[in-house]
Amino acid sequence: MISLKRYLDSATTRAEETEGNCPPAACLALLSAYRSGLAEMAECGANACPDLASELKSGITRLDEDLGDHPGPASITRTREALGELLRGWGEKTSSYYEQKAGEVKDLLLVMARTAESLGHKDDRYREQLDSVTSQLETIAKLEDITRIRAIVEENAGQLKRSVARMTAESKAVIDHLRVEVSTYQAKLERAEHTASCDALTGLGSRLWAEGRIQQRIEAGNPFCILMIDVHGFRRVNHEFGNLVGDLILKEFARELRSSCRLSDLVARWAGDEFLVVLDCAAVEAKAQIIRLQSWLCGPYQVPGRSGHVSIRLSTAIGLAEFCEGDNLQEVLGRADAALCFDRGRAENQMTA
């Protein structure tokens with residue numbers, strides 16, 4: 001590349017001395033060689049530092065375009081000067097780039113050294129061997145020659161790999177034991193998550209589980225409706241027949257509620273004798289579902305009591321709330337609860353009328 005530059009410089013000088021005497025064929029050949037030299041410079045730069053190649057290529061391309069088809073000696077001289085500035089600037093950037101990379105390599109080697117030192121402290125049997133590797137890595141980090149750094153790293157990589165491999169093999173029993181422990185705790189965690197997501201009495205979804213599923217729908221922005229259902233007069237059941245009968249009634253009611261809903265509907269026990277259903281539809285379809293649920297759920301329920309089966313007639317109050325864009329969890333639940341209170345009050349007024 002340097003020889004070519006000297007040749008071009010001398011060619012430019014001769015061209016200035018004999019301007020007008022250059023045979024056309026020779027000038028074209030010289031210009032072609034000059035352009036080829038520029039292209040080779042760009043390619044060599046790309047090979048030397050691919051990450052900075054685009055800057056060099058674009059600069060040389062501009063110089064080539066500025067030459068034009070019939071450049072004179074003055075134009076060639078300007079190109080030569082611009083090329084020199086371009087190469088000097090690109091060379092300085094490339095040098096800084098590789099200095100930075102060398103620094104990163106050194107930092108990595110120091111991290112490796114600290115890691116090897118830490119491993120040595122964990123197992124005295126390998127302390128001496130790993131201390132040797134640590135010392136060599138720290139020495140490498142002080143070198144400036146990248147080639148020398150690479151050679152020494154390759155020389156010691158095998159030794160470090162063998163040490164770690166032996167430590168891993170000898171620790172296999174411990175690792176296997178830890179895996180068993182992790183699997184055990186994972187199973188316990190899954191059981192705990194299942195317990196948290198299910199109501200213990202009815203087997204329906206828990207309130208926490210229902211709130212999480214509603215929040216997912218809110219974030220997705222999909223249309224849905226919430227039905228909040230109250231077992232009307234359930235407190236009377238507990239007072240007259242006891243809590244055990246009350247629990248059996250709630251379990252039977254939960255089974256009927258689940259069987260009356262679609263598989264895609266979310267069904268949960270909300271609190272006490274209140275249940276919640278999430279329907280992925282608009283309010284019009286949800287109102288039709290309410291009519292069907294009331295027809296299915298309201299009626300006599302028979303459960304075992306202290307002295308034979310007990311037959312109890314249940315009715316429901318249902319509050320409906322449709323999700324509106326911009327609603328948060330508390331807002332849509334609050335509307336469902338308000339609708340439930342209204343429907344419960346209406347049912348009580350009808351009973352007393």
Side-chain angles (χ1 to χ4, degrees), residues 196-238 246-247 249-301 312-353:
S197 66
C198 290
D199 177 63
L201 176 65
T202 64
L204 298 178
S206 67
R207 178 170 182 158
L208 181 64
W209 173 82
E211 288 180 342
R213 296 303 182 273
I214 295 171
Q215 185 62 44
Q216 289 177 357
R217 283 164 168 73
I218 292 174
E219 293 173 357
N222 297 327
F224 68 91
C225 289
I226 293 178
L227 305 183
M228 198 165 284
I229 305 170
D230 175 62
V231 181
H232 191 64
F234 179 75
R235 289 193 182 93
R236 178 180 58 84
V237 175
N238 281 335
D247 288 347
I249 288 290
L250 287 178
K251 292 171 69 173
E252 186 65 23
F253 183 86
R255 278 194 293 269
E256 293 295 327
L257 177 60
R258 176 69 271 183
S259 63
S260 65
C261 293
R262 299 165 299 187
L263 291 177
S264 59
D265 298 336
L266 299 183
V267 184
R269 185 185 181 194
W270 191 245
D273 59 349
E274 291 184 5
F275 296 82
L276 183 137
V277 177
V278 180
L279 307 173
D280 293 317
C281 63
V284 175
E285 185 178 345
K287 290 177 181 178
Q289 179 76 344
I290 289 176
I291 296 174
R292 194 172 69 84
L293 284 175
Q294 286 178 327
S295 175
W296 185 287
L297 297 173
C298 296
Y301 288 76
I312 300 172
R313 187 173 186 84
L314 298 180
S315 61
T316 61
I318 302 179
L320 166 65
E322 183 178 17
F323 168 70
C324 300
E325 186 177 356
D327 279 348
N328 59 35
L329 178 64
Q330 297 306 319
E331 288 171 342
V332 67
L333 288 174
R335 290 204 305 274
D337 185 63
L340 174 62
C341 291
F342 177 81
D343 193 54
R344 186 191 293 130
R346 182 181 57 80
E348 292 175 352
N349 291 334
Q350 289 178 351
M351 293 178 62
T352 58

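Since we're looking at a predicted model, the values are computed, not measured. When a residue number appears, it is its place in the shown sequence, counting from 1.
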Please give me the minimum heavy-atom distance between [X] and [Y], naming the atom from each residue.
X: L314; Y: I249; result: CD1-CG2, 3.6 Å
X: A336; Y: A321; result: N-CB, 3.4 Å
X: L293; Y: S260; result: CD2-OG, 3.1 Å
X: G272; Y: L250; result: O-CD1, 4.0 Å

Salt bridge (charged side-chain N to carboxylate O under 4.0 Å, His left out) contacts in which one or both residues fall within [range], not counting sequence neighbours:
range: residues 330-340; answer: D327-R335
range: residues 285-299; answer: R262-E285
range: residues 217-227; answer: R217-D280
range: residues 201-216; answer: R207-E211

Which of I229, L333, L204 passes side chain to side chain contact (heavy atoms under 4.5 Å, CB included) with L276? Answer is L333
Side chain to side chain contact (heavy atoms under 4.5 Å, CB included) with L227: of L257, T316, L320, only one passes, and it is L320
Roughly how far apart are [X] [atom1] and [Y] [atom2], rounded to 0.5 Å?
X: K251; Y: Y301; atom1: NZ; atom2: OH; answer: 15.0 Å
X: R344; Y: H232; atom1: CZ; atom2: NE2; answer: 9.0 Å
X: C281; Y: N222; atom1: SG; atom2: CG; answer: 12.5 Å

Flag the pair F224 / I214 as yes when at least one side-chain heavy-atom distance between them is below 4.5 Å, and no otherwise. yes
For residues 252-283, which residue pairs pass the ring-ring contact (aromatic ring centres under 6.0 Å, His included) check, not counting sequence neighbours? F253-F275
Taking D343 for its side chain and I318 for its backbone only, find out whether a donor-acceptor pair lies under 3.5 Å.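 Answer holds: yes.
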For E322, check side-chain contact (heavy atoms from CB on, under 4.5 Å) against everything at least two apart and list the hits. C225, A282, A283
